[in-house]
Amino acid sequence: MKIAMAASEAAPFLKTGGLGDVMQALPEALGNMPGNEVCLFLPYYGQIKRDTRWDCEFITSFAIQLAWRQCHVGLFRLKSKSIHYQVYLVDNEQYFDRTPIYGHLDDGERFAYFSKAVLACLNFLDFKPDIIQCNDWQTALIPVVLHGEFRGSFPYTKTVFTIHNIEYQGWANSNFNYDVLGLPASFTETLRYGDASNFMKAAIVSADAVSTVSETYARELQYPYYSHGMSEVLIQRAGTFFGITNGIDVSVFDPSKSPNLPFHYTTDTMVAQKAQNKRALQEELGLNQDPDVPLYVMVSRLAGHKGIDLLCYICHSLMTRPVQLAIVGTGEAQYEQALTSISRQYGGRMVVRLAFDPGLADRVYAGADGYLMPSRSEPCGLSQLIAMHYGTIPVVHATGGLQDTVIPYDPTTGEGRGFTFQSYNGEDFLDAIDRSMSLYYDDRENWNKLAQNDMNVDVSWETPGQSYMEMFKKVAGIS
Ligand code: GLC
């Protein structure tokens, strides 16, 4: 099958969150399957251009039209022997030589441009995909532009729009089509949502199929509480709305090899080697050298929906228990300040590192005992998968992908993967931590067994990759 994918970020080139991880592993997983031809389109951000790790060859340049604007498109291809798919980079310095990569006043225009440019590049390359898979609002206009401008060039191409997070939808003025996108007037209605234009809504009604990143999130999105206004539109897609739980790239997140870790381990060597990693991590973070106190961690964007408010709320109570707590991440100023000031009261036992540092994150996953993830909502969540893969036991709010991947531990049978709480409140969160702590203090043998079971869970892209293929085949009408 010929598959073109488009996204606004992908590791290892540039990543700001989980989307970037998925866009590294999913194209690779699909590209490795026999019979597939896969390519991934990304903006050629200044940060990628100046990064000497990437050698790109120029293919062509041309102009496209965005309403009255003539815009330059440079097409580059990554020269690489190690990856099993082609990476194409769309060059326009005016739009993509920016820091940070999101959050500019003209983001709508920048990504409308990108969406149009991807189709124009595919057309130039004469690559006629069976499927174009687009991700989140930044590439949501691809199905719309395909209908509005490129149908003649791609009469059989189907589109799949994947929602990684419904909270960011791509809102613009009601005259966005007339002023920027420049599709025929009938498409103004496709874009219209209330008094404005909404990229995600346009994709949901235009794509041949819609998917999201876990089964539970797919169900949740059909309720107003979770859908940020999209439930009605999504309910109409029932039948062509899929939930496929993400995996992680187990060659990147590998406790037996990761160059970031001082001590490598497998399931068999985990107990001893994790203790060494814990000691090293306590030293690195300035925590007391204490091997027998459970170290709970969180590596997260410090944003409201990640449950940081709950964490702040329970923090003092939590610190009355015999625990250590380490938080790594950056985000909203209110949470950065609140957590930092709480941590000052618990020197040696609680630490906050305001950093986005993948190397440190790796050492934190490896050195910790428990991983906290109280997200208010969580489309899939990758951290709990990484934690489990590193033998670090998750304590999570049972929502979205967390519900699908962290099966509650049953002390009578020893089955399950971690500790969960059902309703979003501080007491229940604390209770879940307490339950995990009882296992740690009262039954270390079963704690270790649980950690080993977690390490053995298949969190690779193998199964999700196959589910994507099944969805693509259904959509493309290939049996
Ligand atoms: C977003 C979601 C996260 C998901 C990731 C990759 O970051 O918030 O839950 O795992 O996308 O799909």
Side-chain angles (χ1 to χ4, degrees), residues 5-12 14-30 40 42 100-103 133-140 160-170 200 203 210-221 226-228 230 241-250 252-253 298-308 329-332 356 358 361 365 371-389 394 396-406 424 459-461 463-465 467-468 471:
M5 308 173 83
S8 56
E9 60 178 87
L14 196 151
K15 118 174 175 189
T16 69
L19 171 66
D21 288 311
V22 172
M23 296 320 294
Q24 173 174 32
L26 178 58
E28 174 95 24
L30 298 173
L40 169 67
L42 295 171
I101 59 169
Y102 311 128
Q133 191 260 348
C134 348
N135 299 277
D136 275 350
W137 74 267
Q138 295 92 338
T139 51
V160 174
F161 175 61
T162 302
I163 300 169
H164 295 262
N165 196 334
I166 200 95
E167 288 188 39
Y168 307 103
Q169 299 182 349
M200 214 179 234
V210 180
S211 79
T212 188
V213 289
S214 70
E215 280 177 36
T216 296
Y217 196 57
R219 273 195 307 278
E220 287 172 347
L221 285 184
Y226 289 101
S227 75
H228 292 260
M230 286 296 147
F241 182 31
F242 300 82
I244 301 175
T245 305
N246 290 328
I248 56 168
D249 191 330
V250 288
V252 174
F253 299 105
M298 200 162 171
V299 179
S300 176
R301 230 169 345 108
L302 302 179
H305 67 263
K306 292 289 179 189
I308 311 297
T330 56
E332 293 170 29
F356 179 76
Y365 285 115
Y371 190 87
L372 305 181
M373 205 158 168
S375 310
R376 187 194 309 265
S377 66
E378 193 60 74
C380 177
L382 301 177
S383 306
Q384 83 279 15
L385 302 180
I386 303 170
M388 290 197 285
H389 198 57
V396 307
H397 178 215
T399 185
L402 295 174
Q403 175 161 326
D404 294 347
T405 56
V406 183
Y424 188 73
V459 289
S460 76
W461 270 97
T463 308
S467 305
Y468 269 86
M471 168 173 71

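All ligand and atom numbering here is 1-based and tracks the order in the structure.
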message: I need the Asp249 CG to Leu26 CG distance, nearest 0.5 Å.
response: 11.0 Å
task: List in chain and number order the residues that pass side chain to side chain contact (heavy atoms under 4.5 Å, CB included) with Gln403, two or more places apart in sequence or in another chain; answer none if no residue qualifies.
output: Thr216, Ala398
field: With Thr16 via side chain to side chain contact (heavy atoms under 4.5 Å, CB included) - residues at least two apart
entry: Glu9, Leu14, Ile101, Tyr102
message: Over 60° means perpendicular and under 30° means parallel, so tell me whether Tyr424 and His397 are parallel, tilted or perpendicular.
response: tilted
Within the 4.0 Å heavy-atom sphere of ligand 1, strictly under, residues: Gly18, Leu19, Val22, His164, Asn165, Val213, Asn246, Glu378, Pro379, Cys380, Gly381, Leu382
query: So, are Glu378 and Lys306 salt-bridged, with charged N and O less than 4.0 Å apart?
result: yes
query: Does Trp461 have any ring-ring contact (aromatic ring centres under 6.0 Å, His included) partners at least two apart in sequence or in another chain, and if so, which?
result: none
